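The structure under discussion appears below in the form of structure tokens.
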Amino acid sequence: MTLSEPEKHCFSAPGKALFAGGYLVLYPENSSFVTALSARIYAVAAESSSLDPALPTVTVLSPQFQEGEWSYTLSKSDSTGFVTVAALVPSRKNPFVHAAVTTVLNYLSATGALATPIPSVTVNILSDNAYHSQPSEDVPKFNKHAQAISDVPKTGLGSSAALTTSLTAALLSYYSSKAADKPLSLEERKDVLHNLAQVAHCTAQGKVGSGFDVACAVYGSIVYRRFLASIISAIPAVPTTGDAGFESAYLDALRTTIDSDWSVGTGKCTVPPRMRLLMGDVSGGSETPAMVQMVQRWRKEGGATAESTWVSLGKANQSLISAMIGLQVEAEKDPAGYNGVLDQISDSAAGCAGIKALGASKGSLLGDLLVQAVDSMADIRFHLRAMTTGSGAQIEPVEQTKLLDACNELPGVFGGVVPGAGGYDAICLLVAEATVDRVRAATGSEFKNVKWLDLREESVGVRKEPFASLAEYL
Ligand SMILES: Nc1ncnc2c1ncn2[C@@H]1O[C@H](COP(=O)(O)OP(=O)(O)OP(=O)(O)O)[C@@H](O)[C@H]1O
Ligand SMILES: C[C@@](O)(CCOP(=O)(O)O)CC(=O)O
């Protein structure tokens, strides 16, 4: 049976680039700038029937990947309300899917918002090509791979966070429509969605991370300040024993935690008008957890020098954030003045030093903000290099230093950084929109290992999608 649009629950969530705030974002006193990207993961939930009506099922299909089908049976305890989510084929694992299903269904049960009997559902996942390495540039939309998802090389855009967020949104929407006469809209329940997705993501990862990727998937481009890790660690592990005491304790803690205020910083912050984020894949690969450990050791053992670098890096990140927000405000206040300066930058062949000189010559707030933007990116890099030398973690390795220095000479480049944990994965530039093609066309030998990605900032987080836009792919 083909279902009409209102019976489909379609949501998408974006990937991320942590432009400023790697490592510091792990601590709640620091702000970071995370940008949402044009690559999205879609989840489409629709009613389905289970073979055994007494045992409802959730089936998640991700047909772009081999063995991309994960089915779970649901059984709800009459006494505690705990919903056991059991994989139909136990060897077929997707921890993020399993955790999202478990978290959403148990939260709904704990809040009395789960219909009885529990309806079955099938969720289709579609993932933009940019999340995974593709065999060539000329592949169809939602390209299919010949391997299982865990064997396809990733590009580091935060696929698990986008998947967890869109799946959580689709399940929440579907199950709410079955239980409530007037289900809440996405906007009305965004914080609940965020908290659920964070809990599911941490459960799947087996640790409480900084959560910037999930926050970005939900809220889009933001100034992020993390929640306290203790908020999530207060939830006991999902009970597997059938012990009523454990089940009730889990449900109570889950409901209380999800419904509480986490005080997460999610202030809006986007790339200013007529500027673009340009991502370059350097295809090296880095071990983030090992790098985090090295940085933590350096900070603990590095004395006053390490602390001073850490504090200065925090200030440089903050300075970039206020430059981005300030430029946005100036563009709205005086569009003609802003456009005039952006025209000048775009027409000149100036790299970041020239842009800084132009800004300084203006004697205006706008000019000062341009100087601040250029300086803060240079400062971020300076302190990241000190962290690299001090910790031994290859955050801005020499190869990336050479590359970013060369990028700074290209027309319209305000600056660039190694995003996220840094390393050999990628670089991220802030470029005048009009000069992006000239930057991409740069032919110097420094750029021979860079693949400019067909990505841009798209600042919107999770959103409802029209089913019609996806129907042909399902
Ligand atoms: N399209 C998808 N369909 C089903 N599961 C997916 C999909 N995309 C991601 N996942 C799940 O997320 C896992 C990848 O998560 P992982 O945290 O390793 O990578 P990532 O989030 O892309 O990494 P990074 O944070 O470095 O960007 C996959 O193995 C799978 O379990
Ligand atoms: C180093 C760290 O602060 C950022 C990692 O970012 P990415 O996965 O490299 O985009 C770790 C984290 O916040 O989870």
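Below, each value reflects all heavy atoms present in this structure, side chains not excepted, and no hydrogens, waters or symmetry copies. Since this is a predicted model, take the numbers as computed values, not measurements. Note that ligands are numbered from 1 as they come in the structure, with each ligand's atoms numbered from 1 the same way. Sequential numbering from 1 along the given sequence is applied to the chain's residues.
- For the pairing with F11, the side chain to side chain contact (heavy atoms under 4.5 Å, CB included) check across L186, V123, T168, I41 returns one residue only, L186.
- Ring orientation note: the planes of H132 and H145 are nearly perpendicular, at an angle over 60° on the 30°/60° scale.
- Close placement of the Y27 and W310 rings is indicated, their centers lying within 6.0 Å of each other.
- Side-chain contact annotation: T270 with Q328, donor-acceptor N/O pair under 3.5 Å present.
- A 6.0 Å sphere centred on NZ of K315 holds no more than 12 heavy atoms belonging to other residues, nucleotides or ligands.
- Outside the 6.0 Å centre-distance limit, the rings of Y42 and Y473 are not counted as a close aromatic pair.
- Between H201 and F96, the ring planes lie tilted relative to each other; the angle falls in the 30° to 60° range.
- For ligand 2, residues of the protein lying within 4.0 angstrom by heavy-atom distance are K16, L18, G22, Y23, V25, L26, S210, F212, V292, G420, A421.
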I'd like a table of the close N/O pairs between ligand 1 and the protein (anything under 3.5 Å), one pair per line with both atom names and the distance.
from, atom 1, to, atom 2, distance (Å)
ligand 1, 3 (N), S62, OG, 2.8
ligand 1, 5 (N), N94, ND2, 3.0
ligand 1, 17 (O), S160, OG, 3.1
ligand 1, 18 (O), K154, NZ, 2.8
ligand 1, 19 (O), K154, NZ, 3.1
ligand 1, 21 (O), S159, N, 3.3
ligand 1, 21 (O), S160, N, 3.0
ligand 1, 21 (O), S160, OG, 2.7
ligand 1, 22 (O), S159, N, 2.9
ligand 1, 22 (O), S159, OG, 2.6
ligand 1, 27 (O), G156, O, 3.1
ligand 1, 27 (O), L157, N, 3.4
ligand 1, 27 (O), G158, N, 2.7
ligand 1, 31 (O), N94, OD1, 2.8

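- The closest side-chain donor-acceptor pair between E457 and T35, if any, does not fall under 3.5 angstrom.
- With contacts defined as side-chain heavy-atom distances shorter than 4.5 Å, the pair N317/N30 does not qualify.
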